[in-house]
Amino acid sequence: MKTPADRAAPLVVTAAAAPLVEPAAAARLAGRAAAVPLVATVAAALLYAAFVPDLLLDWDPIQFALSLDRFSMPVHQPHPPGYLGFLAVAWAFHAAGMSAATSVQAASVAFAAASVGALAFVARRLWGGAAALVAAAAFATHPVTIFYAVSGESYAAEPLAACLLVALAAAAAGHRPPAAFAAAAPGRLSRAAVAFFLAYGLSGGIRQGLPIYFAPLAAWVLLRSVRGLPARAAARAVAVAAGAALAGVVAWLAPAAALAGGLGEWLRMTLSQHLSLFAASFSPLLGAGGGMVAANLGALGRAAASLSIPAAVAAVLAIPAALRRPSVATAPGRVPLLALWIVPPLLWFSAMWLSKPGYLLVVAPGVAVAVGAVLARALPGPRAAPAVAIAIAGAQVALFLAPPFAWSAHLSPCSLPAIAYGQRTGADALDAIRAEAAGDPGSIAVVTRYGGGLSFRAAMMHLPEARVLWLVDRESTGAPVTGVDACEGHGGGTTCVSGHGFWERLDLPERAEVRLPPAVRRVVWVGEGPFFDALSGAARGPAAGVGVREVRAGLAGTIRVSDLPPPPEPWRVEIGPYAFIR
């Protein structure tokens with residue numbers, strides 16, 4: 001009876017060695033090798049499905065979920081630039097009958113699982129089956145991958161796009177392309193190159209950073225494609241490549257611009273969101289201070305370190321053994337491909353900003369391929385690859401399930417305990433607020449800042465009949481906002497006191513006045529920070545002495561509640577630049 005290692009061993013035979021095997025056996029090996037990406041995809045999907053949380057709580061996934069019923073970029077449903085590629089998959093799940101929240105979680109699971117299969121395909125073509133097995137295990141089971149696979153975030157879509165672009169780039173560069181990608185005719189751009197540039201343009205519809213990260217790879221593919229061609233043929237090839245990329249861009253930009261109210265509006269919202277708000281805070285290219293630049297580099301370093309543990313560390317230790325063994329695969333240009341996959345995004349994040357470890361999922365498959373290549377070459381034989389893959393997978397799943405304190409405190413928030421804690425605190429805060437409403441959600445107004453287990457978007461989604469407000473300023477956003485605003489979520493939409501669109505302006509009024517309807521009997525304050533420290537003593541005027549009481553929310557959380565006098569008695573409280581009036 002064959003063991004799992006016996007059955008997996010033929011998968012590590014490279015395409016270069018296939019001609020040494022008799023035709024019938026070679027066909028069987030090719031069939032088994034072709035099944036590896038599909039098996040990897042299904043296995044990863046089953047793994048991720050086991051950890052999908054019950055509540056959707058994070059800001060961006062909730063915006064994606066809200067957009068499935070009402071797509072509106074001016075109210076950031078979803079936030080600019082729209083992420084149409086990710087949402088197209090979520091829409092399909094939603095159309096099949098899933099709830100909006102479950103649909104975006106299913107989309108992130110689907111993208112992450114498909115990324116594992118695509119990674120196995122790329123690694124096998126470049127470094128053989130043993131490398132593919134190790135690389136797929138290293139990427140699929142990493143805590144960062146699992147965390148974002150179940151989050152409902154769009155970051156999980158980037159690895160799939162990256163793997164497809166690299167696969168097409170390898171085919172265009174001549175790395176054993178399938179017959180369908182053979183050159184159309186001598187002196188013309190190959191079909192693989194045309195497919196690459198079309199996919200390159202389309203990638204911006206998944207996440208807007210992808211065309212930026214892979215611009216050097218696109219230049220490399222183009223240079224290799226036109227190398228040795230006469231000037232006229234080279235110019236024609238460049239024009240075809242540019243046309244294919246432009247067609248890909250138009251395919252997603254046209255509907256995104258239409259949904260945003262025009263190309264000008266799409267550009268304005270996208271640029272203000274990503275440049276004026278975030279890049280201006282952290283990027284030295286846009287004048288950010290040294291402290292903010294250092295903070296961004298620190299976040300980048302921690303995220304990169306977390307992705308390097310443990311598989312990349314093991315690969316580094318195995319380099320001496322790998323160098324003593326000959327390479328089996330002979331495909332040229334593999335190292336430049338990996339370098340052009342990994343280095344440009346890291347340079348971009350160091351010069352701009354990185355707020356979450358999920359940003360690095362775009363380079364994680366490339367790192368996994370490098371790990372697989374080194375460890376596979378260091379092994380005494382291909383039969384050892386399954387054992388190494390299982391060891392890596394076991395160590396990483398254990399790290400996700402029960403991380404050491406140092407991992408959670410200093411490197412990464414990506415773990416199952418972190419998910420469970422967020423679920424518990426969010427559910428406790430929601431339960432406490434519902435208890436205060438006492439069956440009448442119109443009698444409460446929920447005022448959010450940050451922290452406290454419940455964001456504005458989470459409160460807005462899970463308390464749809466209550467009045468939910470977000471106080472917008474530099475402290476609550478972390479962005480270089482001047483002035484303040486107060487935005488209210490209602491019916492899946494958002495309106496702001498300033499009259500501007502939702503969180504798209506830096507120059508806001510100096511004060512914000514929030515008027516509550518007579519039906520409001522209680523104001524629930526959720527969050528942390530100096531704003532809440534000043535809250536208890538802030539009531540004055542006709543309602544002086546109303547005060548604030550603290551209410552337990554579960555075992556560890558608290559919410560603050562102000563009980564308003566019965567109408568028609570007025571109530572007013574001023575906290576810094578905010579005034580609340582009923």
Chemist: First locate atom CG of Leu463, then atom OG1 of Thr448, and finally report the distance between them rounded to the nearest 0.5 Å.
Modeler: 10.5 Å

Chemist: In sequence, state the C-alpha distance, the side-chain angles, and the governing distance for Trp59 and Trp470, and then conclude on ring-ring contact (aromatic ring centres under 6.0 Å, His included).
Modeler: CA-CA 12 Å; Trp59 189 284; Trp470 183 39; 4.8 Å; yes

Chemist: Just so I know, are the side chains of Phe214 and Pro344 near enough to count as touching, which here means a heavy-atom distance under 4.5 Å?
Modeler: no

Chemist: Distance check, rounded to the nearest 0.5 Å: Leu399 atom CG versus Thr141 atom OG1?
Modeler: 10.0 Å

Chemist: Is there a side-chain contact between Ile212 and Trp348, using heavy atoms and a 4.5 Å cut-off?
Modeler: yes

Chemist: Of all residues at least two apart in sequence or in a different chain, which pass the side chain to side chain contact (heavy atoms under 4.5 Å, CB included) check with Leu271?
Modeler: Leu275

Chemist: With side chains defined as the heavy atoms from C-beta onward, is the minimum distance between Glu488 and Val468 less than 4.5 Å?
Modeler: no

Chemist: Would Ser355 and Tyr359 count as having a side-chain donor-acceptor pair, cut-off 3.5 Å?
Modeler: yes

Chemist: In Å and rounded to the nearest 0.5 Å, what is the OH to OG distance from Tyr155 to Ser108?
Modeler: 12.5 Å

Chemist: Hey, is the main chain of Met98 close enough, under 3.5 Å, to the side chain of Thr102 for a donor-acceptor pair?
Modeler: no

Chemist: Donor-acceptor pair, distance only, cut-off 3.5 Å: does the side chain of Ser408 make one with the backbone of Phe405?
Modeler: no

Chemist: For Ile419 and Phe147: C-alpha separation, side-chain torsions, deciding distance, then whether side chain to side chain contact (heavy atoms under 4.5 Å, CB included) applies.
Modeler: CA-CA 8 Å; Ile419 294 175; Phe147 186 89; 3.6 Å; yes

Chemist: Check Ala112 against Phe139 and note the closest heavy-atom contact, atom names and distance.
Modeler: O-CE2, 4.4 Å

Chemist: Using side-chain heavy atoms (C-beta onward) and a distance below 4.5 Å, is Ile392 in contact with Leu375?
Modeler: yes

Chemist: Do Ser455 and Arg449 get their side chains close enough for a donor-acceptor pair, meaning under 3.5 Å?
Modeler: no

Chemist: Can Ser283 and Trp353 be said to form a side chain to side chain donor-acceptor pair (under 3.5 Å), step by step?
Modeler: CA-CA 6 Å; Ser283 173; Trp353 85 93; over 6 Å; no

Chemist: Nearest 0.5 Å, what's the OG-CZ distance between Ser415 and Phe51?
Modeler: 11.0 Å

Chemist: Examine the side chains of Tyr450 and Glu475 and answer whether a donor and an acceptor come within less than 3.5 Å of each other.
Modeler: yes

Chemist: Would you check if the side chain of Arg334 reaches a backbone N or O of Leu337 as a donor-acceptor pair within less than 3.5 Å?
Modeler: no

Chemist: With sequence neighbours excluded, tell me which residues meet disulfide bond (SG atoms under 2.5 Å apart) with Cys487.
Modeler: Cys496

Chemist: Got a sec: does the CG of Leu323 have more than 12 other heavy atoms crowding it under 6.0 Å?
Modeler: yes

Chemist: I need the minimum non-hydrogen distance between Leu454 and Gly426, along with the two atoms involved.
Modeler: CD1-O, 4.2 Å

Chemist: For Val551 and Thr558, what are the C-alpha separation, side-chain angles and deciding distance, and is it a side chain to side chain contact (heavy atoms under 4.5 Å, CB included)?
Modeler: CA-CA 5 Å; Val551 177; Thr558 60; over 6 Å; no

Chemist: Is there side-chain contact between Tyr148 and Lys356, with heavy atoms separated by less than 4.5 Å?
Modeler: yes

Chemist: Using a strict threshold of under 4.0 Å (side-chain N to carboxylate O), is an ion pair present between Arg434 and Glu465?
Modeler: no

Chemist: How long is the straight-line distance from CZ of Phe531 back to CG of Asp473, given to the nearest 0.5 Å?
Modeler: 8.5 Å

Chemist: Are any non-hydrogen side-chain atoms of Thr494 and Met460 less than 4.5 angstrom apart?
Modeler: yes

Chemist: What are the two closest non-hydrogen atoms of Ala135 and Ala368, and how far apart are they?
Modeler: CB-O, 3.2 Å

Chemist: Under a 4.5 Å cut-off applied to non-hydrogen side-chain atoms, are Trp91 and Ser103 in contact?
Modeler: no

Chemist: Indicate yes or no: at least one non-hydrogen side-chain atom of Leu87 is less than 4.5 angstrom from one of Phe64.
Modeler: yes

Chemist: Given 3.5 Å as the limit, does a donor-acceptor pair link the side chain of His462 with the main chain of Leu56, or not?
Modeler: yes

Chemist: Does one side chain, of Gln77 or Arg70, offer a donor that lies under 3.5 Å from an acceptor on the other?
Modeler: no

Chemist: Determine the minimum heavy-atom distance between Gln423 and Asp54, stating which atoms define it.
Modeler: OE1-N, 3.2 Å

Chemist: Decide yes or no on side chain to side chain contact (heavy atoms under 4.5 Å, CB included) for Phe121 and Leu164, but give the supporting numbers first.
Modeler: CA-CA 9 Å; Phe121 175 83; Leu164 293 177; over 6 Å; no

Chemist: Do Ser412 and Arg302 meet the criterion of a side-chain donor-acceptor pair at a distance under 3.5 Å?
Modeler: no

Chemist: I need the minimum non-hydrogen distance between Gly152 and Phe86, along with the two atoms involved.
Modeler: O-CZ, 3.5 Å

Chemist: Run the side chain to side chain contact (heavy atoms under 4.5 Å, CB included) test on His142 and Leu307 for me, step by step, so that the C-alpha distance in whole Å, both residues' side-chain angles and the decisive distance to 0.1 Å come before the verdict.
Modeler: CA-CA 8 Å; His142 196 280; Leu307 282 172; 4.0 Å; yes

Chemist: Could you tell me whether the side chains of Trp525 and Ser562 share a donor-acceptor contact shorter than 3.5 Å?
Modeler: yes

Chemist: State whether a side-chain donor-acceptor pair under 3.5 Å links Asp60 with Tyr83.
Modeler: no

Chemist: Do you know the tightest heavy-atom contact between Cys414 and Trp407?
Modeler: O-NE1, 3.6 Å

Chemist: In a check of side-chain contact (heavy atoms from CB on, under 4.5 Å) between Phe349 and each of Leu360, Val363, Asn296, which one passes?
Modeler: Leu360

Chemist: Take Arg207 and Glu153, measure what salt bridge (Lys or Arg N to Asp or Glu O under 4.0 Å) needs, and give me the verdict at the end.
Modeler: CA-CA 11 Å; Arg207 281 186 63 85; Glu153 297 267 20; over 6 Å; no

Chemist: In Å, rounded to the nearest 0.5 Å, how long is the span from CD of Gln63 to CE of Met73?
Modeler: 11.0 Å

